[in-house]
Amino acid sequence: MPLIVQKFGGTSVADSEKILAAARKAVRAHLAGNQVVMVVSAMGKNTDMLVSLAAEISENPPAREMDMLLSTGEQVSVALMAMAIVSLGHKAVSLTGGQIGIKTDSSHTKARIQSISSERMQRLLDAGNIVIAAGFQGIDEDLNITTLGRGGSDTTAVALAAVLGADACEIYTDVDGVYTTDPRVLPEARRTSQVAYDEMLELASLGSGVMHSRSIEFAKKFGVPIHVRSSFSDIPGTMIVDQPESLNRAVSGAAVTKNEARVTIIGVSDRPGSSMEVFSRIASENITVDMIVQNIGDEGLADISFTVLKEDLPTTLDAVAETVEKIGAKGFNFDDRVAKISVVGLGMAHQTGVAHRMFRALADARINILMITTSEIKISVLVTHAQMQEALRIVHSVFELDSDPANDVPTPSPPADRTPDALDVVARLQGMEDLTIDDISLDESQARVSINDVPDTPGVAAHVFEEVAEAGVMVDMIVQSFGHDGMADMSFTIPKGDLDRCVEVATRLAEELNCGRVTNSPQIAKLSVSGIGMRSHTDVATRMFEALAAAGINVEMVNTSEVRVNVVVDGAQGEAALRALNDAFADTLR
Ligand code: ADP
Ligand code: ASP
Ligand code: MG
């Protein structure tokens, strides 16, 4: 018999009528011949209410007791849901995370799932029950209640779908699918019919709060197709799948991370290991770092800039202050009035010109880009907080995300092809949310060009990358450092064969725009470590830096995404770097 997991978010169970409506959906699926597992969130804003209650009692409540408190929200709604199903004349049993056997680690308020036993659920299903599982919670080794982090019911739902080998995982929420950007922020956002796991992973971690990003890690790892749809209408919704049917646009979605902060460490000695010190200290606090840019240092000194979430800024600054002293850097500064605007799309990997279209659109609106980083399927720019809304609108519109996509095909039924080795993976991985590395690779086909002291004014990036594109050169990685004294550094990688042509263009531009020196490396080595959980496991980049530093290799450029961390090192050291990374990740390679 087919098995369906249906997850209902807070707004979908906000009152008794909505609970009954959700119950009817489950009953309908049951009557249609499916076994049904419902995963339910706390009612409405109940979790927020519990959080504020705790804040009234204590400034710094113990994390264990927070979990004890927050888990009650879901306990209320599963009980009510089971009563609703029974009132409709069907059998139902509600279960807490502990009763299901969702084992997690002990990191309270952000616990990771280690294993789930499917036995009890399967027994109840086989006896004709609809099983109602509490979302967001688990239990640790000592039977303490844990929670998975805000929004974590999505992760419960996808994880249950994975262990039960469900045929479908439906996420019922208050929007009718995944939109090109948050429709509450930009009303002109459009629903997309299909999104790839990799795109959704990026979007979720960049601020598209419709899905908990760890739920997508599960979906990708275990091949669970996800169907996001409205609790309140029958609109077909959005499928999140491995390979969307040919959506041939470069950009699928845009996102703004409003609560971003920039930190710059000044005057770091440009030798192997300096960046490692900083980032390993921050990673040890479980803080995710993004937009790491190191400028090419004068006199052997470099500035390193990166962004963290604003809520992580105090801890980050403490860590930075400590390391600045230790590594003998000159100092540091920060800005918490910035926002990160990103565009994401699988199509970008095969199309040129995406970056300069984005830069041009922002330049025409006189929006200054404070920093740039790119990865294979994502371009992120940092702008001031004051300009974020406008920047998002402009970027959304330049990639025509506000117009009806011509190929917005109707949502097909979920593909049944499950990752063949999924169960094997479950068996092998002790922790279901452990880091998995798929591949470590070396690319020796590229060269680097850098323009130093570029005026930090709107339009410069647009101008540079338009001219480079005009010369027929395809750019891969782009970074623009945070400016100092009104000047920023810009570096990018290109195919080796295009180096002369590109240096010519860059030299002309540097003169025209009053920039500093143009430098280049005719041969660089780009190393990529790819897998699942690359950013949520905050120590991946650090492990790379550590391994390279130990081998005496200096990192020249970095970019990180949900599925990949890329570093650029000197061309002569490519093979040695590859060996160092293979050793460092030997235990996680699958
Ligand atoms: P639930 O309680 O059902 O889990 P959430 O509030 O967590 O619901 O997620 C749904 C909300 O996510 C929407 O109301 C919407 O404002 C927001 N959202 C952010 N980005 C997107 C996006 N790209 N597409 C759809 N919704 C988005
Ligand atoms: N109730 C929890 C929260 O509000 C979990 C969830 O809804 O996904 O964060
Ligand atoms: Mg949610």
Side-chain angles (χ1 to χ4, degrees), residues 6-14 18 22 38-52 54 66-67 69-78 96-97 102 109-111 133-138 145-160 170-195 199-216 226-233 235 237-240 251-258 342-345 392 396 401-402:
Q6 297 186 325
K7 180 254 170 180
F8 292 87
T11 32
S12 309
V13 293
K18 291 193 172 120
M38 296 177 88
V39 174
V40 187
S41 289
M43 294 172 68
K45 299 243 170 280
N46 197 358
T47 311
D48 291 335
M49 194 269 291
L50 293 169
V51 169
S52 3
M66 271 316 272
D67 281 351
L69 178 70
L70 296 191
S71 64
T72 62
E74 270 69 13
Q75 198 169 327
V76 170
S77 46
V78 284
T96 64
I102 300 185
T109 74
K110 45 176 185 256
F136 173 58
Q137 52 179 264
I145 295 177
T146 54
T147 64
L148 308 180
R150 295 302 307 273
S153 295
D154 297 329
T155 295
T156 306
V158 180
L160 291 187
E170 300 178 334
I171 304 289
Y172 287 95
T173 182
D174 61 357
V175 265
D176 52 28
V178 177
Y179 278 57
T180 48
T181 196
D182 188 343
R184 272 190 239 171
V185 179
L186 269 199
E188 62 263 44
R190 294 298 171 116
R191 181 177 62 85
T192 53
S193 60
Q194 296 195 7
V195 187
E199 293 172 331
M200 196 64 229
L201 268 173
E202 299 297 346
L203 289 168
S205 82
L206 293 166
S208 284
V210 62
M211 291 296 293
H212 196 230
S213 67
R214 277 162 50 198
S215 70
I216 312 297
I226 299 178
H227 190 176
V228 181
R229 50 192 316 188
S230 167
S231 278
F232 313 119
S233 81
I235 291 172
T238 301
M239 290 303 305
I240 309 176
V251 172
S252 309
V256 56
T257 317
K258 299 175 192 168
S342 311
V343 295
V344 171
L392 179 68
H396 189 263
L401 297 177
D402 47 0

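Both backbone and side-chain heavy atoms feed into the values below; hydrogens, waters and symmetry mates do not. All residue numbers in this chain count up from 1 along the given sequence. Counting convention: from 1, in listed order, for ligands and their atoms alike. Since we're looking at a predicted model, the values are computed, not measured.
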Q: How close do Gln137 and Gln75 get, counting heavy atoms only, and between which atoms?
A: NE2-N, 4.5 Å
Q: Below 4.0 angstrom from a heavy atom of Phe136, which ligand 2 atoms are there? Numbered from 1 as shown, please.
A: 2 (C), 5 (C)
Q: For atom 7 (O) of ligand 2, what is the nearest protein heavy atom, given as residue, atom name and distance?
A: Ser41 OG, 3.1 Å
Q: Report the part of His212 (side chain from C-beta onward, or backbone N, CA, C, O) that has a heavy atom under 4.0 Å from ligand 2; answer both or neither where that applies.
A: neither
Q: Looking only at protein heavy atoms, identify the closest one to atom 4 (O) of ligand 2 and say how far it is in Å.
A: Arg150 NH2, 2.9 Å
Q: Hey, is ligand 2 close enough to Ser153 that some N/O pair sits below 3.5 Å?
A: yes
Q: Rounded to the nearest 0.5 Å, what separates atom CD1 in Ile216 from atom CG in Asp154?
A: 7.5 Å
Q: What are the two closest heavy atoms between Gly9 and Lys7, and how far apart are they?
A: CA-NZ, 3.6 Å
Q: Hey, does Glu74 come in under 3.5 Å of ligand 2, counting only N/O atoms on both sides?
A: yes
Q: Do side-chain atoms of Arg190 reach the backbone of Leu401 as a donor and acceptor pair under 3.5 angstrom?
A: no
Q: With hydrogens left out, which residues have an atom under 4.0 Å from ligand 1, given that only heavy atoms count?
A: Lys7, Gly9, Gly10, Thr173, Asp174, Val175, Gly177, Val178, Tyr179, Thr181, Asp182, Pro183, Arg184, Ser208, Gly209, Val210
Q: Any chance you could measure Leu201, atom CG, to Ser215, atom OG, to the nearest 0.5 Å?
A: 8.5 Å
Q: Among Thr156, Thr155, Val158, which residue satisfies the side chain to side chain contact (heavy atoms under 4.5 Å, CB included) criterion with His212?
A: Thr155
Q: By the definition side chain to side chain contact (heavy atoms under 4.5 Å, CB included), identify the one residue from Val210, Val228, Ile226 that meets it with Met200.
A: Val210
Q: If every non-hydrogen atom of Leu70 is compared with every non-hydrogen atom of Glu74, which pair is closest and at what distance?
A: O-OE1, 3.6 Å
Q: Which atom pair, heavy atoms only, marks the closest approach of Ser153 to Ser41?
A: OG-OG, 3.2 Å
Q: Check ligand 2 against Thr47 and write out every atom of the ligand that is under 4.0 Å from a heavy-atom position of the residue.
A: 1 (N), 2 (C), 3 (C), 4 (O)
Q: For residues Thr147 and Asp67, is any side-chain donor paired with an opposing acceptor at under 3.5 Å?
A: yes
Q: Under a heavy-atom criterion of less than 4.0 Å, does Gly152 contact ligand 2?
A: yes
Q: Give yes or no for whether the N/O distance cutoff of 3.5 Å, strictly under, is met between Gly151 and ligand 2.
A: yes
